[in-house]
Amino acid sequence: AARTNIGGQRFGADGRVTIVDLDGATRIWNPNGGTVTGLPAAGGPIASAAATPDRRVVVTGAADFTRGRVLVRDAGGATLLDWSAGAHVWAVAIDPSGRRIAAAINDGRLVAASLRPASEPRVITRYPRASAVSVAFDATGTVIASGGGGGQLRLSGTSGTRVLGRHDAQ
């Protein structure tokens, strides 16, 4: 059988690992029991993934430098949100409650959207002349940490009204 490259992986609080392949497949692996649960292929290379702690919702970011895509699906593979990012999606995150997602986009945007109730993604912050490449929520789900090209880390409120803190790597 042909092998693919792993595009991203992330541990969940329960020890299971969400794995995405550059061929578009998403799997949830339980290393303790060896079981694997798969979702249907997303239709393109996937660079990053995140899941709710109960694994009922999985969000993926597409590795496509011209279109990019943020896809949110339930455990059965049904699409909850399918958004064209317009550029490569470096990283995605889902808050601890499973209500909000965020994505770091190659064109410098950090975007966020609500899943419950559903909302369109909106820009939280923008890295001028650099890519947004990493993203994570804090334990409360109210602050988003993002990293950008040029060695900058930002803490932003989920409302996107202001940058709460900034660190420049030396």
Side-chain angles (χ1 to χ4, degrees), residues 1-107 109-124 131-142 144-146 158 160:
R3 294 186 184 252
T4 184
N5 291 321
I6 300 296
Q9 66 284 327
R10 186 163 299 175
F11 270 102
D14 61 1
R16 291 184 289 176
V17 183
T18 302
I19 304 166
V20 291
D21 296 342
L22 292 178
D23 68 359
T26 302
R27 291 185 295 283
I28 298 171
W29 174 49
N30 181 347
N32 296 321
T35 58
V36 175
T37 304
L39 291 174
I46 304 295
S48 59
T52 55
D54 61 8
R55 297 294 194 262
R56 290 187 181 175
V57 176
V58 176
V59 57
T60 56
D64 182 333
F65 283 94
T66 59
R67 293 185 308 250
R69 180 180 182 198
V70 175
L71 181 62
V72 182
R73 297 183 287 172
D74 68 17
T79 299
L80 305 175
L81 173 72
D82 189 351
W83 177 67
S84 174
H88 181 90
V89 179
W90 283 107
V92 292
I94 191 162
D95 81 347
S97 73
R99 281 184 273 203
R100 285 188 283 271
I101 62 165
I105 314 294
N106 191 58
D107 63 6
R109 290 175 294 148
L110 171 68
V111 298
S114 176
L115 295 177
R116 297 181 207 131
S119 72
E120 286 294 312
R122 60 185 166 69
V123 175
I124 298 296
S131 298
V133 296
S134 62
V135 63
F137 282 93
D138 75 340
T140 68
T142 60
I144 304 172
S146 62
T158 55

For this session: State the OG1-CD1 distance between Thr52 and Ile101, to the nearest 0.5 angstrom.
Result: 12.0 Å
Problem set entry | Inter-residue atom distance Ser114.OG - Asp95.CG, 0.5 Å rounding | 8.5 Å
Exercise. How many angstroms lie between CG in Leu115 and CZ in Arg99, if you round to the nearest 0.5 Å?
Worked result: 10.5 Å
Exercise. For the residue pair Trp90 and Ile105, what are the closest heavy atoms and their distance?
Worked result: CD1-C, 4.3 Å
Problem set entry | Closest non-hydrogen atom pair between Val58 and Ala51, with its separation | CG2-CB, 4.0 Å
Problem set entry | Side-chain (Arg73) to main-chain (Thr60) donor-acceptor, under 3.5 angstrom | no
For this session: Output the distance between atom CD (Glu120) and atom CG (Leu81), rounded to the nearest 0.5 Å.
Result: 7.0 Å
For this session: Measure the CD1-CD1 distance between Ile144 and Ile124 for me, rounded to the nearest 0.5 Å.
Result: 5.0 Å
For this session: Examine distances only and state if a side-chain atom of Arg100 and a backbone atom of Ala112 form a donor-acceptor pair shorter than 3.5 Å.
Result: no
Problem set entry | Residue pair Ser134 / Ala104: nearest heavy atoms and the distance that separates them | N-CB, 3.7 Å
Exercise. So which heavy atom on Ala103 is nearest to which on Val89, and how close?
Worked result: CB-CG1, 4.2 Å
Exercise. So do the side chains of Pro96 and Phe137 get within less than 4.5 Å of each other, counting heavy atoms only?
Worked result: yes
For this session: State the CG-OG1 distance between Asp138 and Thr140, to the nearest 0.5 angstrom.
Result: 3.0 Å
Problem set entry | Minimum-distance pair of heavy atoms, taken over all atoms of Ala87 and Asn106 | CB-CB, 4.3 Å
Problem set entry | Taking every non-hydrogen atom, the tightest pair across Thr79 and Leu71 | CG2-CD1, 3.8 Å
